[in-house]
Number of protein chains: 2
Amino acid sequence: MDSGVKKPGVTSSQVARRAGVSQSAVSRTFTPGASISPKTREKVMAAAQELGYRPNAIARSLITNRSRIIAVVMAYLENLFYPDVLEELGRLLVKENYRLLLFTGHMDRDSDPVFDQLMQYRVDGIILASTTLSSHLSEECATAGIPVVLFNRTTERDAVSSVTTRNREGGRRVAEFLLAGGHKRFGYISGVESSSTNRDRFVGYREALVEAGHDDIVVGVGNYDRAEAEAAAREMLSRPDRPDALFVANDHMAVAVMDVARYEFGLSIPEDLSIVGYDDVGAARWTAYGITSMSQPLKRMVEATVNILMSQISSGEIEAEHRILSGELMVRTSARVPKSGVVEIDGRRIYKPGKS
Amino acid sequence: MDSGVKKPGVTSSQVARRAGVSQSAVSRTFTPGASISPKTREKVMAAAQELGYRPNAIARSLITNRSRIIAVVMAYLENLFYPDVLEELGRLLVKENYRLLLFTGHMDRDSDPVFDQLMQYRVDGIILASTTLSSHLSEECATAGIPVVLFNRTTERDAVSSVTTRNREGGRRVAEFLLAGGHKRFGYISGVESSSTNRDRFVGYREALVEAGHDDIVVGVGNYDRAEAEAAAREMLSRPDRPDALFVANDHMAVAVMDVARYEFGLSIPEDLSIVGYDDVGAARWTAYGITSMSQPLKRMVEATVNILMSQISSGEIEAEHRILSGELMVRTSARVPKSGVVEIDGRRIYKPGKS
DNA sequence: AGCATTTTTGCATTCGTATGCAATATGTGT
DNA sequence: ACACATATTGCATACGAATGCAAAAATGCT
């Protein structure tokens with residue numbers, strides 16, 4: 001297979017000949033800031049136009065040693081949060097004149113094939129936006145001298161940059177909110193247990209609950225997966241001591257959990273059960289769910305990610321940088337609302353304890 | 001800005017020197033099917049391992065004139081259908097040893113910047129998976145000799161390949177279903193009116209309704225956008241002669257429409273209003289919505305897309321090919337169910353008229 | 001106009017790999 | 001051991017654009 005031939009494509013030399021100048025002149029015409037007179041530039045442009053010439057980015061990359069390509073590794077697009085991230089990333093990267101090479105799919109164990117690809121294409125930077133990726137991969141890339149940013153995730157060894165939100169504080173905030181709502185029995189449906197985001201959210205949640213005297217949290221494992229979250233919810237809601245307050249590690253699962261609670265157990269939300277999610281994805285806002293959720297400032301997160309990458313690329317320094325942003329607890333209808341602490345800011349209701 | 005230097009990276013010559021062979025030998029070692037003795041291959045592999053060598057895909061592309069990169073242009077990831085497509089595309093392209101360069105964002109008028117990028121990176125093929133892209137772009141690429149496949153969309157001039165489903169038949173099927181459900185007054189909330197998918201769905205819907213004596217369809221414009229669909233739904237449901245059957249051009253909008261109907265107009269679904277969507281996206285299956293929806297066989301569509309691309313790439317022929325698949329009407333709870341015609345196939349309920 | 005400066009230009013080389021061709025090594029059959 | 005076929009190998013060149021350097025042209029200044 002693979003024997004086909006491709007159209008040759010116009011080269012700078014052809015344009016040069018046509019314009020009656022040297023190949024260098026053509027190159028300079030298309031290199032911003034290069035030394036070229038308006039006159040020749042014009043001649044070149046005309047010739048280029050006629051022939052339909054566009055500089056070959058491959059050849060350019062070869063000699064400049066930059067591909068102007070950023071690799072984005074994203075394991076699961078099913079969670080609506082990530083498509084949004086992807087779109088925003090695309091927007092910003094284009095603005096910086098970079099292209100986006102996408103790698104999807106779960107690559108838990110053998111990250112090697114992906115790593116090979118990344119290295120082979122000499123990408124200028126890598127964004128790991130997935131909670132289930134081996135941290136091995138990131139180390140390897142960093143060692144190879146390619147800037148890496150972990151998106152919505154960190155590793156213990158902080159040799160590699162990351163952009164996250166204050167997940168621990170977020171977990172606390174959720175707990176405070178549910179406590180203020182007068183709930184008695186607390187549950188948690190986790191994401192992937194080893195992921196930093198999940199861990200931090202849970203730690204914060206538990207901390208605050210323990211401080212308030214609740215040290216018996218019912219925990220189920222959802223692995224950031226709908227089906228597993230459903231199963232965990234079924235198990236949890238079947239218990240005699242079923243919780244009346246449930247924190248689900250992300251909205252993607254929270255939606256599934258809500259459906260189970262309502263339609264399989266006939267529970268009223270939030271009367272019988274309060275549910276709080278995380279991420280504040282689009283679906284959380286849909287009226288049928290109206291999920292009360294800790295938001296992650298997606299745009300600012302993406303912006304920070306791109307900024308870190310750009311600065312590392314241009315400086316050549318790949319000193320790890322950790323950007324930590326904060327979200328807000330968006331109050332909707334999936335959880336009982338405390339009497340105080342909820343403020344309204346241009347149409348959105350936010351829980352800010354102490355500032356009723 | 002942009003003054004940084006990148007780590008040099010190991011070259012085939014370095015490996016060659018180390019292994020005591022020529023650069024050609026190294027190249028041949030990494031070229032499947034090339035003439036190389038097991039002995040030297042081994043030596044080369046050892047040296048490559050030690051130095052951490054990986055062939056430079058950029059340099060390779062330059063000389064082979066193939067980038068092994070497929071560009072995917074996708075305007076709106078907000079519609080859950082497309083992230084799914086993207087994920088599946090990623091899976092199949094990796095399998096074929098191709099990389100996926102993603103372009104997002106609306107580029108209605110000036111598709112030129114995108115086109116430039118595509119050309120500059122000498123992508124081996126292009127997938128246009130967006131209903132709002134200028135057809136101009138596809139023509140241009142095809143002319144440039146790059147295989148193009150339109151995904152879920154066609155153009156009048158069929159010079160460029162496409163993969164679609166029988167949207168017209170789908171529209172008919174929806175109409176038949178709603179007619180069989182005994183509905184009296186029919187509405188339609190459209191996507192982008194100029195898009196082929198929207199047009200075909202509507203044409204089929206109307207045809208079947210007109211044949212049944214209903215020629216007064218209430219139409220609203222949703223432009224495949226949630227907010228616009230909501231507005232259209234509000235307008236439509238406020239009418240004194242409000243429809244009791246509503247076909248929404250895709251599930252992405254149908255979700256929004258359902259929320260408006262239920263929570264703003266207090267309508268019971270499907271008692272007061274039946275809603276049918278299109279695409280059968282994940283959210284349609286969520287119990288809170290349970291949208292009855294025409295499915296599009298996503299996996300087979302993606303498979304066909306990749307197949308067309310691969311065959312065009314390897315043959316060098318870019319003769320347009322049109323693959324048209326069929327979906328099923330997935331019956332759930334958002335629309336009244338006819339007494340007959342609904343069959344159950346391994347757990348899923350499907351409407352197949354005439355085969356009760 | 002004459003000289004010093006600055007700007008523009010072309011030449012030649014480089015990036016890292018693939019590949020046609022000729023040279024060499026290996027293997028076969030007698 | 002010989003002639004011959006076959007499998008490997010290295011040499012040299014090509015891919016298309018960028019860039020240091022020196023030559024050439026344009027400009028400024030007196």
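For clarity, every value in this text was computed on a predicted model and none was experimentally measured. Reminder, nothing fancy here: chain letters follow the sequence lines and each chain counts from 1. Values below: every heavy atom of this structure, side chains too, minus hydrogens, waters and symmetry copies.
Sorted by first and then second residue, the side chain to side chain donor-acceptor pair (under 3.5 Å) pairs involving residues 25-39 of chain A (not counting sequence neighbours) are S37(A)-T40(A).
Remark: P of dG16(C) and CG of N65(A) are 7 Å apart, rounded to the nearest angstrom. The distance between atom CZ of R66(B) and atom P of dA18(C), rounded to the nearest whole Å, is 14 Å. In this structure, the CE atom of M119(A) is 14 Å from the P atom of dG16(C), given to the nearest Å. Rounded to whole Å, the distance from CG on N56(A) to C1' on dA14(D) is 14 Å. In this structure, CD of Q120(A) is placed 15 Å from P of dG16(C), rounded to the nearest angstrom. At whole-Å resolution of the value, CZ in R17(A) and C1' in dT9(C) are 18 Å apart. Separating the CD1 atom of I63(A) from the P atom of dA12(C) is a distance of 16 Å, rounded to the nearest angstrom.
Using a 4.0 Å heavy-atom criterion, one finds that L62(A) contacts the bases of the nucleic acid, with or without backbone contacts as well. Note on T40(B): only backbone sugar-phosphate atoms sit closer than 4.0 angstrom, heavy atoms only; bases stay farther off. I58(A) comes within 4.0 angstrom of no nucleic acid atom, judged by non-hydrogen atoms across all strands.
Relative to the axis of its first five pairs, the axis of the last five pairs of the helix from dA1(C)-dT30(D) to dT30(C)-dA1(D) sits at 10°, rounded to 10 degrees.
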Do I70(B) and L100(B) pass the side-chain contact (heavy atoms from CB on, under 4.5 Å) test, and can you show the C-alpha distance, the side-chain angles, and the key distance before you say yes or no? CA-CA 5 Å; I70(B) 301 292; L100(B) 190 164; 5.8 Å; no
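Remark: Q120(A) pairs with D116(A), R54(B), P55(B), A57(B) by the side-chain contact (heavy atoms from CB on, under 4.5 Å) rule, at least two apart or across chains. Under the rule for a salt bridge (charged side-chain N to carboxylate O under 4.0 Å, His left out), R60(A) has no partner lying at least two apart in sequence or in another chain. In terms of the ring pair (Phe, Tyr, Trp, His ring centres under 6.0 Å) criterion, residue partners of Y53(A) (sequence neighbours excluded) are, by chain and number, F30(A). For the side-chain contact (heavy atoms from CB on, under 4.5 Å) test, residues two or more places apart in sequence or in another chain that qualify with S61(A) are S67(A), I58(B). Under the side-chain contact (heavy atoms from CB on, under 4.5 Å) criterion, A25(B) pairs with V21(B), S22(B), I36(B), not counting sequence neighbours. In terms of the side-chain contact (heavy atoms from CB on, under 4.5 Å) criterion, residue partners of I324(B) (sequence neighbours excluded) are, by chain and number, T164(B), R166(B). Not a single salt bridge (charged side-chain N to carboxylate O under 4.0 Å, His left out) links E78(A) to another residue, sequence neighbours left out. Every residue meeting the salt bridge (charged side-chain N to carboxylate O under 4.0 Å, His left out) condition with R18(A), not counting sequence neighbours, appears here in chain and number order: E50(A).
In this structure, S37(A) reaches the dT9(C) phosphate: one of its side-chain N or O atoms is under 4.0 Å from OP1 or OP2. At dG16(C), none of the side-chain N or O atoms of Y121(A) fall inside 4.0 Å of OP1 or OP2 (strictly under the cut-off).
Salt bridge annotation for E88(B)-R91(B): present, with a cationic side-chain nitrogen under 4.0 angstrom from a carboxylate oxygen.
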Pairs under 3.5 Å (N/O, protein and nucleotides 22-29 of chain D):
none

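Looking at residues 20-28 of chain A, you'll see Q23(A), S24(A), S27(A), R28(A) sit with a heavy atom under 4.0 Å from some atom of DNA chain D.
Of the candidates dG16(D), dT17(C), dA18(D), the closest approach to any side-chain atom of T11(B) belongs to dT17(C).
Taken to the nearest 0.5 Å, the CD1 atom of I313(A) stands 9.0 Å off from the CD atom of E96(A).
Residues F30(A) and R41(B) each lie close to DNA chain D; by heavy-atom proximity, the contact nearer the 5' end of the strand is made by R41(B).
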